[in-house]
2 protein chains.
Amino acid sequence: MSDYRSVTIKDVAARAGVSITAVSHALNEKGTLSDETRQRIREIATAMGYQADALARGLRRSRIGVIGIVLRPLDALEDYSPPGIDYFLRFAGAAAVSALGKGLSLMHVADLVRGPVTPLAFSLDGYIVTDPVRDDPVVALLERRSIPYVTLGRDLSKPEATNWVASADADAARQGLRHLEEQGARSIAFVGGTDDNSWNADGETAYREWCEQHGVRQRMFRLPEGLGEQGGHDLVPNLLNGGVPDAIYSLTGRHAAGIQAGMRERGLLAPDDYLLACGTDADQTRTADPPITAIDLRPEILARETVDLLAGITRGEDPAGRRMVQSRLIVRRSSDRGIAPGA
Amino acid sequence: MSDYRSVTIKDVAARAGVSITAVSHALNEKGTLSDETRQRIREIATAMGYQADALARGLRRSRIGVIGIVLRPLDALEDYSPPGIDYFLRFAGAAAVSALGKGLSLMHVADLVRGPVTPLAFSLDGYIVTDPVRDDPVVALLERRSIPYVTLGRDLSKPEATNWVASADADAARQGLRHLEEQGARSIAFVGGTDDNSWNADGETAYREWCEQHGVRQRMFRLPEGLGEQGGHDLVPNLLNGGVPDAIYSLTGRHAAGIQAGMRERGLLAPDDYLLACGTDADQTRTADPPITAIDLRPEILARETVDLLAGITRGEDPAGRRMVQSRLIVRRSSDRGIAPGA
DNA sequence: CTACATACACAAAACGTTTTATACAAGCGT
DNA sequence: ACGCTTGTATAAAACGTTTTGTGTATGTAG
């Protein structure tokens, strides 16, 4: 490690024979400099490879070109890198890429509200908060600090808020339920999560409506997200309590995989003995045997919209919020009896 | 957005009736303060919720608690979020999680050497560079700036370097080749990439050795990583040039999927007409039909080791480098003729 | 009583910027 | 010759820390 000294504004000023104020103004289109000197300073600066130190700059202004991302559902999990969270990783990866495309960098930040937090956390330009729960403490903290943020998924405790992007959750669930119906399901059991977020809420609503419209008794279950496949597996006895349902719609991928495993232990195989579909595509739904029908929430598109919205807000613009992204049903064997849609 | 003013060192000093120097010393275990005042200041600081501003601190010291990650193979791609890069996203996600566990944050940084770079880029504590190529300009830049870094995969141009973590690439390839052999392959064609990195180099070496040991003629192909599935597909005529090989071992997942598709168009199906295995597990290998045998490089473990090594280095320690992570063969239908290993 | 440590606290400089306020010409109208 | 713009450039303050050096009691040895 040599002792490299990077070139500062002072160096540029010295070389150009002007004050550092002149350099700053020349490079930031501020102040009153003749076009001539402005131009000259710029050339010298680039020739010397000058790049303003972001820390020093951030100290005065307050934008450092970095946005943070908080993955709430992962905060909650004890183990921080369980399998089957690839939706979040895909989202985070895609968000990073989108941010880079806008000249921003994305920084992962751990739970802001417990334990010591990364030093830079409160100096970031803005935040993406995925799937906040009702009265989310992280959201509250950001508000208190007046740090701009965008949530992925609506914040149920803030119906007036516009700073969110979400998949069209209710639509997605309806789409899944309609598909099961088309493949022959008359009664459908529903397995949601326990996190108090819009994703679960909208899924439940869609299910309730479907049941009412079809005059079918609701069979709704709520299973903590953290229980994962094991939880799905252990839920099976309850699911079978009132007889084998025609179909099961599970919101989370890990639950669905566990349910399928548990059903198989009882000799019940999809798609012959029941139909199975799932609200999020995940590693588990793809690799299960048989592969499980799932909804691709299109994390890449969600990420792009989220970053775009946040970037606009941090720049002080007033971009349109409340953005919804249409998701897409991926039919796989677990629910495919070969009946054409609309038949 | 209210005008929240966060509590500064000055506020704490005022409240405690001491100088800001005293506060700084008290909180950083520096200087000469009586234990009594030290303690009193600490209590007041925590009571007021004081947290040192990372930017201001970074200006003086030079550690801000953030490490950067550069995904070189993605830098090279024109499209920045193609499918089938989930190995990198998994790695990045896992690295973020590992970093958080060490009180560091992970920041995605785009190609450092072309175009304007994120402002904070040169103020980060250190970097992870995945799969650097020979004489990688990003690596050169980091060295010039004397920013510590760790590479994922050896840097072929720096045989003496110890600052790397890698999967046991050669072992992995040997493992794959042995598996194909056990399933009945006598001649194996090999498809590598063109990036000049240790991953490709070690894979090729393992293949050459295997051919020599078995007295089989080499059938080695090099296909640019960027061509993806299409590239694999288009390579098939060349692959078939000297007759249908018993088996094909492809280093990258996208190539493998394309090859399988191309072979099918010619009526050749795995595992009956040929065996197919692949050096990296990817979305494409899992979801291909039939699913393709692949090597799980265990990005989560790689990420943990990489972050651990880098964290040690940035703290000025001298942690053991050159860490190798054993990978794991996942046998899928594309190469499975049901012959037990070792038979 | 003097000289000299020792213990404690603080003032001021420094980090590299941006921003605000000021200075100095030159030109112009009176 | 005077005051007033206008155009150009700079000095100095500010951002919130850390670090360096200085100062003042207090105690101790001679």
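- Here A:Thr46 pairs with nothing under the side-chain hydrogen bond (donor to acceptor under 3.5 Å, both in side chains) rule; sequence neighbours left out.
- The phosphate of C:dT19 (OP1 or OP2) has a side-chain N or O of A:Lys30 nearer than 4.0 angstrom.
- Annotation for A:Pro299 and A:Ala94: closest pair O-CB, 4.3 Å, computed over non-hydrogen atoms.
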(request) Test B:Arg145 against A:Ser6 for side chain to side chain contact (heavy atoms under 4.5 Å, CB included), laying out the working first. (result) CA-CA 8 Å; B:Arg145 294 253 178 180; A:Ser6 64; 3.7 Å; yes

Restricting to nitrogen or oxygen on both sides, can you table the protein-nucleotides 24-26 of chain D pairs closer than 3.5 Å?
none

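- One can place CG of A:Leu55 at 10 Å from P of C:dT17, the figure rounded to the nearest angstrom.
- Of all the heavy atoms in B:Leu55 and A:Leu59, the pair that sits closest is CD1-N, 4.1 Å.
- Atom CG of A:Asp53 and atom P of D:dC15 are 19 Å apart (whole Å).
- The shortest heavy-atom contact between B:Ala92 and B:Leu106 is O-CD2, 3.6 Å.
- For B:Ser105, the side-chain hydrogen bond (donor to acceptor under 3.5 Å, both in side chains) partners two or more places apart in sequence, or in a different chain, are A:Thr118.
- Taking each heavy atom of A:Asp125 and A:Ile64 in turn, the nearest pair found is OD1-N, 2.7 Å.
- Atom CZ of A:Arg323 has more than 12 heavy atoms from other residues, nucleotides or ligands within 6.0 Å.
- Note that the two end axes of the helix from C:dC1-D:dG30 to C:dT30-D:dA1 enclose an angle of 70°, each drawn from 5 base pairs, rounded to 10 degrees.
- Taking all atoms of both residues into account, the shortest heavy-atom contact from B:Pro148 to B:Thr314 is CG-CG2, 4.2 Å.
- The NZ-P distance, from A:Lys10 to C:dT18, rounds to 14 Å in whole Å.
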(message) Does the protein touch nucleotides 9-14 of chain D at the base, only the backbone, or not at all? Give it as B, S and - per nucleotide, heavy atoms under 4.0 Å.
(response) BBBBBB

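- In this entry the distance linking CD1 of A:Ile9 with C1' of C:dC15 reads 13 Å, nearest Å.
- The two residues B:Ala22 and B:Leu33 have their closest heavy-atom pair at O-CD1, 3.3 Å.
- Rounded to whole angstrom, the span from the CD atom of B:Glu36 across to the P atom of C:dC8 amounts to 10 Å.
- As rounded to whole Å, 12 Å separates atom P of D:dG16 from atom CG of B:Leu59.
- To the nearest angstrom, P of C:dG16 lies 15 Å from CG of B:Leu120.
- With sequence neighbours excluded, the residues satisfying salt bridge (Lys or Arg N to Asp or Glu O under 4.0 Å) with A:Lys102 are A:Asp308.
- Ranked by how close their nearest DNA chain C nucleotide is to the 5' end, B:Asp35 and B:Ala56 are led by B:Asp35.
- The CD1 atom of B:Ile64 sits 15 Å away from the P atom of C:dG16 (whole-angstrom rounding).
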